[in-house]
Amino acid sequence: MRQTIVAGNWKMNASKEAVNTLVMGILSGMADVKSKVIICAPSPYLSQAEALTTHSQLHVGAQDLNVNASGAFTGEVSADMIKDFGVEYVIVGHSERRSLYGETNEIVAQKVQVALDNDLTPLFCIGETLAERESGNMESVVSRQIQVVIDLVGIDAFKNIIVAYEPVWAIGTGVTATPQQAQDAHAFIRSMLAENNTDVAQATPILYGGSMNPVNAEELIGCEDIDGGLIGGASLKSDDFLHICKAG
Ligand code: PEP
C-alpha cells in the first residue's frame, strides 16, 4: 500500500511574511492529515521553512539543485547546501526548468543521481507538451524521460524516487487532465517501471501535477495509480492546500 504524498511547489513566490503565514496556516490544520506533506520553498526561504516545521509532520523540499558539489557556479545551489537546511526532498526536472532553462533528459538524470547520492529524495518530474499529446506521442515522450534516468541510476534507485507526472499543458493553466487521462498516463508509467522490476513499480509513488485543486483532488487521488499530487498554485493558500492534503 503506497502512502499518499502531497507536495507543494511554491515556485518563485514567497516573502518572509508570506512563508510565515502559509506554514503556520498549514500546520494549524495538519492534525487530521494522513498524507505525507512536503513544502518546496525557494532556496532563500529553506532555512525559515525548516525552522517553522521542526518537530512537525511537514517535510521541506527544494525546487532544484546543481549537479556540482561546489565552485564557480554563480547563482546555483548544491545538494550539500540544501541539506544544510534540513531539506529531505528536491524537485528535479520540473517542466519550467526543462523549457525555460534548457534542462535536457540527460541533465535531469544527472540531477536525480546527485540527489540520490546525497540522500535527498528527488521529486522527478516528467510530462508531455500539448503538441506531443495531440500528435499521439505522450507515451514515447514520457518513456524516454524515464528511460534516461533508469539507464543512469538503475531501476532499484526508484525505491528512493518520487515520480511526478505533470502534463505540461495542465501546469498553471487551470486545465486539469481528466481522471481517466491522468490514470492512463500513470498506469503507463507504472507498467514501464514494471518491465524493469515489478516490485519497484508497485512501490514507486507517482504523483499527478497540473492544476490540481480542492475541487478535483479527491477524484484524481482516488485513481488506482495516482498516489498524490504535486501542487503549484493551490499550494500557496493554506486552506486550499490542506483540503488537497486531506483528499488522500
Ligand atoms: C507545478 O508547478 O508543478 C504545478 C503542478 O503547478 P499548478 O498546480 O499551478 O498547475
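Start at 1 with the first residue, then count along the sequence. Counting starts at 1 for both ligands and their atoms, following the listed order.
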Can you confirm, on distance only, whether ligand 1 has an N/O atom lying under 3.5 Å from any N/O atom belonging to [X]?
X: G210; answer: no
X: G209; answer: no
X: E166; answer: yes
X: G232; answer: yes

Enumerated ligand 1 atoms positioned under 4.0 Å from heavy atoms of I171: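 That gives atoms 1 (C), 2 (O), 4 (C), 6 (O), 10 (O) of ligand 1.
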
Contact partition for N9 relative to ligand 1, non-hydrogen atoms under 4.0 Å: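 The part of N9 near ligand 1 is the side chain, not the backbone.
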
Salt bridge present between D64 and K111 (N-O < 4.0 angstrom):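 Counted as a salt bridge, because a side-chain N and a carboxylate O are separated by less than 4.0 Å.
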
Residue-ligand contact A170/ligand 1, heavy atom below 4.0 Å: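 It does; at least one heavy atom falls under 4.0 Å.
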
Side-chain donor/acceptor of N137 to backbone N/O of R133, under 3.5 Å: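 No, the answer is negative, given that no donor and acceptor are paired below the 3.5 Å cut-off.
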
N13 (side chain) donor-acceptor with W10 (main chain) under 3.5 angstrom: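 Judged by distance alone, yes, a pair lies under 3.5 Å.
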
Nearest-neighbour protein heavy atom for atom 1 (C) of ligand 1, which is reported as residue plus atom name and distance: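 Going atom by atom, the protein heavy atom closest to atom 1 (C) of ligand 1 ends up being H94 NE2, 3.2 Å.
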
Nearest-contact summary for atom 9 (O) of ligand 1 - protein heavy atom, Å: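 Answer for atom 9 (O) of ligand 1: G233 N, 2.8 Å.
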
Min side-chain heavy-atom separation I5-I162 under 4.5 Å: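 Counting from C-beta outward, I5 and I162 do come under 4.5 Å.
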
side-chain hydrogen bond (donor to acceptor under 3.5 Å, both in side chains) between N216 and T176, intermediate numbers included: CA-CA 8 Å; N216 59 33; T176 315; 3.1 Å; yes

Within 6.0 Å of NZ in K246, more than 12 heavy atoms from elsewhere: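 Result for NZ/K246: enclosed.
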
